Chemist: 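Starting off with a structure, shown below.
Residues: numbered from 1 along the sequence shown. Computed from a predicted model, the values in this text were never measured in an experiment.
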Amino acid sequence: ARYDFLGNQSVAHRVSLQVADGTQSVGIVGPFGSGKTSIVGWTKKRLKEREVGGRKYFVCHHSCWGFENSASAIQYMLRSAIASVSTRIDTFQVSSLPESYRHTFSAGGDWFEVIANLVLNTPKPFDQFSRLSNMLRGIDGHLIFIVEDLDRNETRNFEIQEVLAFLEQLKEHSNFVFILTGGLSSTHRIDYS
C-alpha cells in the first residue's frame, strides 16, 4: 500500500525492530483486508533500510494459497529462498539439478537410472536449508520467510501442520526468521509462537 489509511506503519516498524533484535518468529493476525500484506511490505522495506549496519536481510515471500500439497509448498519455499540469496552470493552448492535432468539421464534403462540417482541425488530440503544457513552465516545474513495464506489453502492434500513442523525444524538456524500471517480464524489451526 502506498498510503497508511489504517495506521499500520507503526506495526511494521515494531515488527522490523523485533526481527533486527533477534526475534525468530512473528505472527500477524487479522481479518481479510485488515492490512497484513501491507504490514509485510513495509516491514521488508524497513529491513532493507537497516542493512546499512552490515547485517544483510534476504526476504523469501510467498503465499501458500493454491498449492496441491504441503510438500510442493516446502519445495517452493526452498527455491524461493535460494533465488533470494543468489542475488548476492553464489548458491550453486545449495541448488540441485532440476528433476528434468534426472529423467533425461535415467531414460537409458534401469542400470543408468541407478547411476543417475547416485550422481544426481536430490538433497533433502532440510539439508539444503542447513547449507544455505551456513553460507548466510559467513556474510552475517538473515533469511526471512514470509508465509501468507497458510490458513487459506483448502486443498485436500495440503497439511498446514506439515508446513508448520518443517518451519519449526528450521528454527534451529538462528539466522532464519519467520513471519506468518493469517486470518482471525487461523489461531486455532496455526501455532504462531
Chemist: Decide if the gap between the ring center of His142 and the ring center of Phe58 is smaller than 6.0 angstrom.
Modeler: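 For His142 and Phe58, the ring centres are not under 6.0 Å apart.
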Chemist: Which heavy atom in Lys171 sits nearest to a heavy atom in Gln24, and how many Å separate them?
Modeler: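 Answer, listing the atom of Lys171 first, then Gln24: O-NE2, 2.8 Å.
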Chemist: So, do Asn8 and Lys36 sit near enough that their side-chain heavy atoms are less than 4.5 Å apart?
Modeler: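 Heavy-atom side-chain distance check fails, nothing below 4.5 Å.
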Chemist: Mind listing the closest non-hydrogen atom pair of Ser10 and Gly7 along with its distance?
Modeler: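 Scanning both residues completely, I find the closest heavy atoms to be OG-O, 3.5 Å.
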Chemist: Mind checking side-chain hydrogen bond (donor to acceptor under 3.5 Å, both in side chains) for Ser38 and listing every partner two or more places apart, or none if nothing turns up?
Modeler: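 Ser38 satisfies side-chain hydrogen bond (donor to acceptor under 3.5 Å, both in side chains) with no residue once adjacent residues are dropped.
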Chemist: Measuring from Cys60:SG to Ile179:CD1, what's the distance to the nearest 0.5 Å?
Modeler: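 Output value for this atom pair is 11.5 Å.
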Chemist: Could you give the distance from OG (Ser133) to CD (Glu172), rounded to the nearest 0.5 Å?
Modeler: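 Ser133 atom OG to Glu172 atom CD measures 8.5 Å (nearest 0.5 Å).
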Chemist: For the residue pair Cys64 and Glu148, establish whether any side-chain heavy-atom pair is separated by less than 4.5 Å.
Modeler: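 No. Closest side-chain heavy atoms not under 4.5 Å.
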Chemist: Flag the pair Val177 / Val26 as yes when at least one side-chain heavy-atom distance between them is below 4.5 Å, and no otherwise.
Modeler: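 No; the side chains remain at least 4.5 Å from each other.
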Chemist: Checking Lys56 against Leu136 for the side-chain contact (heavy atoms from CB on, under 4.5 Å) test, could you report, in this order, the C-alpha distance in whole Å, the side-chain angles of both residues, the deciding distance, and whether it holds?
Modeler: CA-CA 9 Å; Lys56 294 169 184 60; Leu136 287 169; over 6 Å; no
Chemist: When you measure from the side chain of Ser86 to the backbone of Ala83, do you find a donor-acceptor pair of N or O atoms at a distance under 3.5 Å?
Modeler: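 Between the backbone of Ala83 and the side chain of Ser86 there is a qualifying donor-acceptor contact (under 3.5 Å).
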Chemist: Does the side chain of Leu47 come within less than 4.5 Å of Val19's, by heavy atoms?
Modeler: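 Result yes, sub-4.5 Å side-chain heavy-atom pair found.
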Chemist: So Val15 and Trp42, do their side chains get closer than 4.5 Å, heavy atoms only?
Modeler: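 When only atoms from C-beta onward are counted, Val15 and Trp42 do not touch, as no gap falls below 4.5 Å.
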Chemist: Looking at Ser80, is its backbone amide N or carbonyl O close enough to the side chain of Ser84 to form a donor-acceptor pair, meaning the two atoms are under 3.5 Å apart?
Modeler: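 No: the side chain of Ser84 does not pair with the backbone of Ser80.
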Chemist: Passes side-chain contact (heavy atoms from CB on, under 4.5 Å), Val85 versus Met135? Steps please.
Modeler: CA-CA 9 Å; Val85 172; Met135 292 172 69; 5.6 Å; no
Chemist: Please name the pair of heavy atoms, one in Ala20 and one in Arg55, separated by the smallest distance, quoted to 0.1 Å.
Modeler: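 For Ala20 versus Arg55, the nearest heavy atoms are O-NH1, 3.1 Å.
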Chemist: Evaluate the ring planes of Phe178 and Phe145, with Trp represented by its six-membered ring, and classify them as parallel (under 30°), tilted (30 to 60°) or perpendicular (over 60°).
Modeler: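 Because their plane-to-plane angle is under 30°, the rings of Phe178 and Phe145 count as parallel.
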Chemist: How long is the straight-line distance from CG of Leu78 back to CD1 of Ile82, given to the nearest 0.5 Å?
Modeler: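 Output value for this atom pair is 4.0 Å.
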Chemist: Could you check whether atom CD of Glu68 has more than 12 heavy atoms from other residues, nucleotides or ligands sitting under 6.0 Å from it?
Modeler: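 Atom CD in Glu68 is not crowded, with 12 or fewer foreign heavy atoms closer than 6.0 Å.
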Chemist: Do the side chains of Leu167 and Phe176 get nearer than 4.5 Å, heavy atoms only?
Modeler: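 No. Closest side-chain heavy atoms not under 4.5 Å.
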Chemist: Atom CD1 in Ile28, atom CD1 in Ile39: separation rounded to 0.5 Å?
Modeler: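 One finds 5.5 Å between CD1 of Ile28 and CD1 of Ile39.
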Chemist: Would Val40 and His61 count as a side-chain contact (heavy atoms from CB on, under 4.5 Å) here? Give the steps.
Modeler: CA-CA 9 Å; Val40 164; His61 185 174; 3.5 Å; yes
Chemist: How far apart are the C-alpha atoms of Leu180 and Leu164, what are their side-chain angles, what is the distance that settles it, and do they pass the side-chain contact (heavy atoms from CB on, under 4.5 Å) test?
Modeler: CA-CA 10 Å; Leu180 302 177; Leu164 291 174; 4.0 Å; yes
Chemist: Classify the side-chain pair Glu162/Ser70 by whether it contains a donor and acceptor separated by less than 3.5 Å.
Modeler: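 Result is yes, a qualifying pair exists.
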Chemist: Show the nearest heavy-atom pair for residues Asp151 and Ile160, with the distance to one decimal.
Modeler: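 Closest approach of Asp151 to Ile160: CA-CD1, 3.9 Å.
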Chemist: With a 4.5 Å heavy-atom cut-off, do Ile144 and Ile146 have their side chains touching?
Modeler: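 They are in side-chain contact.
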Chemist: How would you list, by chain and number, every residue that makes a side chain to side chain contact (heavy atoms under 4.5 Å, CB included) with Asp149, sequence neighbours excluded?
Modeler: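 Asp149 satisfies side chain to side chain contact (heavy atoms under 4.5 Å, CB included) with Ser63, Trp65, Arg152 once adjacent residues are dropped.
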Chemist: May I have the step-by-step check of side-chain hydrogen bond (donor to acceptor under 3.5 Å, both in side chains) for Asn134 and Arg137, ending in yes or no?
Modeler: CA-CA 5 Å; Asn134 289 335; Arg137 230 176 252 111; 2.7 Å; yes
Chemist: What is the distance from atom CG of Leu150 to atom OG1 of Thr181, rounded to the nearest 0.5 Å?
Modeler: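 Here the rounded value is 8.5 Å.
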Chemist: Report the distance from atom CZ of Arg79 to atom NE2 of His62, rounding to the nearest 0.5 Å.
Modeler: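 Reported value, rounded in 0.5 Å steps: 10.5 Å.
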Chemist: Is the shortest distance from a Lys or Arg side-chain nitrogen in Arg46 or Glu49 to a carboxylate oxygen in the other one below 4.0 Å?
Modeler: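 No, this pair does not count.
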Chemist: Looking at Asp4 and Gln9, would you say the former's side chain and the latter's main chain have a donor-acceptor pair under 3.5 Å?
Modeler: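 Checking the backbone N and O of Gln9 against the side chain of Asp4, a donor-acceptor pair under 3.5 Å is found.
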Chemist: So do Thr43 and Tyr57 actually touch side chain to side chain, heavy atoms under 4.5 Å?
Modeler: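 No; the side chains remain at least 4.5 Å from each other.
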Chemist: Suppose we screen for side-chain hydrogen bond (donor to acceptor under 3.5 Å, both in side chains). Which residues come up paired with Ser72, at least two apart in sequence or across chains?
Modeler: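 Asn69.
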